[in-house]
Participant: 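The structure under discussion is supplied below as structure tokens; questions concerning it will follow.
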Amino acid sequence: MMDMHRPVNPYPAEPYPASKPAEREWRVGSLSMGITLILIGTAFAVSIWQDTEAYELLLWVAPVVFILLGVELLIYLNTSGKSNTIIRYDWLSVFFVGLLGVGSMMLALLMSSGIYGELQREINMTSRTAYVESGKIEVPAGIKTIVVQSTLYVTVEEADTNELQLIGQIRYRSMEPMSNQNELLHTNIVGSSMYVFVNAPDAKSGVLTSDSLNPNLIVTIPEGLEVERRPY
């Protein structure tokens, strides 16, 4: 039975509001940038340890970077509807990751087109000198005419001998040392004529850069023979 003499509180106690879950912040791009920096550092470290080119390893970074950024965007789409998650774009990280990816793709394009290789070849070119001394070739007694045909300019000199030889030097600019400088002379005998062919050494040529040659060659022949020079 209710006590009529007990005072009644006109302001009943209100229930405490339920506590809101703590909000979390997700910055799209930060994870991709962090992993990208790790991949770049790993590529440079491996290139030093394994004596490989760093750019070959960095080519793998571009697809991995785009995959990571895509995964982050999927996570964003999955968590964007949740009330306790705040999604923000880390534009600086997204810009850096995108710039790195585009740079890696451009590097891959240059490598596939061959332009990067030519630029690297031009940087690594060195001025060199190759000494030429072919084997001595005996000139038979019945030979009356020496026909010289050369892809390079050569000087013909007579000597008190019955042998023919190619000597001299070649100043050239290339990335690799010359290997066939002593194999430039070839001869053939037809009747009373001896044909002498002087070939050019191996040289690489490209769209942007090519090997350069500056030959100073001498063909020595026996005295008293007629010399005929023919252009290549």
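FYI, the numbering just counts along the sequence from 1.
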Participant: Linking I/L/V/M/F/W/Y whenever any side-chain heavy atoms sit under 4.5 Å apart, do Leu213 and Phe197 land together?
Facilitator: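 Hydrophobic grouping puts Leu213 apart from Phe197.
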Participant: Under 4.5 Å between any side-chain heavy atoms of Met194 and Ile137, yes or no?
Facilitator: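 Heavy-atom side-chain distance check passes, below 4.5 Å.
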Participant: Set out, in order, the CA-CA distance, both residues' side-chain angles and the distance that settles side-chain contact (heavy atoms from CB on, under 4.5 Å) for Gln169 and Gln181, then state yes or no.
Facilitator: CA-CA 9 Å; Gln169 62 184 12; Gln181 67 270 20; over 6 Å; no
Participant: Under 3.5 Å, is there a donor-acceptor pair between the side chain of Glu138 and the main chain of Asn162?
Facilitator: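 Not confirmed, Glu138 side chain does not pair with Asn162 backbone.
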Participant: Taking atom CG of Asn216 and atom OG1 of Thr129, what is their separation to the nearest 0.5 Å?
Facilitator: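 Output value for this atom pair is 11.0 Å.
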Participant: Considering all heavy atoms of both residues, which atom of Arg171 and which atom of Ser127 are nearest to each other, and what is their separation?
Facilitator: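 Taking Arg171 first and Ser127 second, the nearest heavy atoms are NH2-CB, 3.7 Å.
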Participant: For Asn180 versus Leu184, what's the shortest heavy-atom pair and its separation?
Facilitator: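 Heavy atoms of Asn180 and Leu184 come nearest at O-CD2, 3.4 Å.
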Participant: If you group Ile, Leu, Val, Met, Phe, Trp and Tyr by side-chain heavy-atom gaps below 4.5 Å, do Leu225 and Ile218 land in one group?
Facilitator: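 Different clusters: Leu225 never reaches Ile218 through Ile, Leu, Val, Met, Phe, Trp or Tyr contacts under 4.5 Å.
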Participant: Taking a hydrophobic cluster as the set of Ile, Leu, Val, Met, Phe, Trp and Tyr residues connected by side-chain heavy atoms closer than 4.5 Å, whether directly or through intermediates, do Leu185 and Tyr131 fall within one such cluster?
Facilitator: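 No, Leu185 and Tyr131 fall in different hydrophobic clusters.
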Participant: Could you walk me through whether Val219 and Glu157 pass side-chain contact (heavy atoms from CB on, under 4.5 Å), step by step?
Facilitator: CA-CA 6 Å; Val219 175; Glu157 295 185 359; over 6 Å; no
Participant: Can you name the closest pair of heavy atoms from Tyr172 and Met178 and give their distance?
Facilitator: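 Looking at all heavy atoms of both residues, the shortest contact is OH-N, 2.7 Å.
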Participant: Identify the two heavy atoms, one from Gly142 and one from Ser192, that lie closest to each other, and give their separation to 0.1 Å.
Facilitator: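 Heavy-atom minimum between the residues: O-CB, 3.7 Å.
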Participant: Do Leu164 and Thr220 pass the side-chain contact (heavy atoms from CB on, under 4.5 Å) test, and can you show the C-alpha distance, the side-chain angles, and the key distance before you say yes or no?
Facilitator: CA-CA 6 Å; Leu164 183 145; Thr220 60; 5.9 Å; no
Participant: Does Arg229 make a cation-pi contact with Tyr195 (under 6.0 Å, within 45 degrees of the axis)?
Facilitator: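 Arg229 over Tyr195 ring: no.
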Participant: Please find the pair of heavy atoms, one from Thr151 and one from Ala200, that lie closest to each other, and give the distance.
Facilitator: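 In this case the closest contact between Thr151 and Ala200 is OG1-N, 2.8 Å.
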Participant: Is there a side-chain contact between Asp211 and Met125 (heavy atoms, below 4.5 Å)?
Facilitator: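 They are in contact (side-chain heavy atoms under 4.5 Å apart), so the answer is yes.
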Participant: May I ask you to say whether Glu228 pairs ionically with Arg230, meaning some side-chain N is under 4.0 Å from a carboxylate O?
Facilitator: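 Yes, Glu228 and Arg230 are salt-bridged.
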Participant: Using a 4.5 Å cut-off on heavy atoms from C-beta on, say whether the side chain of Arg128 contacts that of Pro177.
Facilitator: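 Yes, at least one pair of side-chain atoms sits under 4.5 Å.
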Participant: Enter the distance from Leu152:CG to Asn214:CG here, rounded to the nearest 0.5 Å.
Facilitator: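 So the gap between those two atoms works out to 10.0 Å.
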Participant: Under the rule for side chain to side chain contact (heavy atoms under 4.5 Å, CB included), what residues qualify as partners of Thr161, not counting sequence neighbours?
Facilitator: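 Residues passing side chain to side chain contact (heavy atoms under 4.5 Å, CB included) with Thr161: Ala159, Glu163.
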Participant: Any sub-3.5 Å donor-acceptor pair from Ser134's side-chain atoms to Gln165's backbone N or O?
Facilitator: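 Side chain of Ser134 to backbone of Gln165: no pair is present.
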Participant: Assess, by modelled atom type and distance only, whether the side chains of Ser212 and Arg173 contain a donor and an acceptor separated by less than 3.5 Å.
Facilitator: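 Ser212 vs Arg173: no donor-acceptor pair found between side chains.
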Participant: Ile170 vs Val132, test: side-chain contact (heavy atoms from CB on, under 4.5 Å). Steps then yes/no.
Facilitator: CA-CA 7 Å; Ile170 299 176; Val132 179; 4.0 Å; yes
Participant: Locate the shortest heavy-atom distance separating Gly191 from Ile143; write the atom from each residue and the value.
Facilitator: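 Looking at all heavy atoms of both residues, the closest pair is O-CD1, 4.0 Å.
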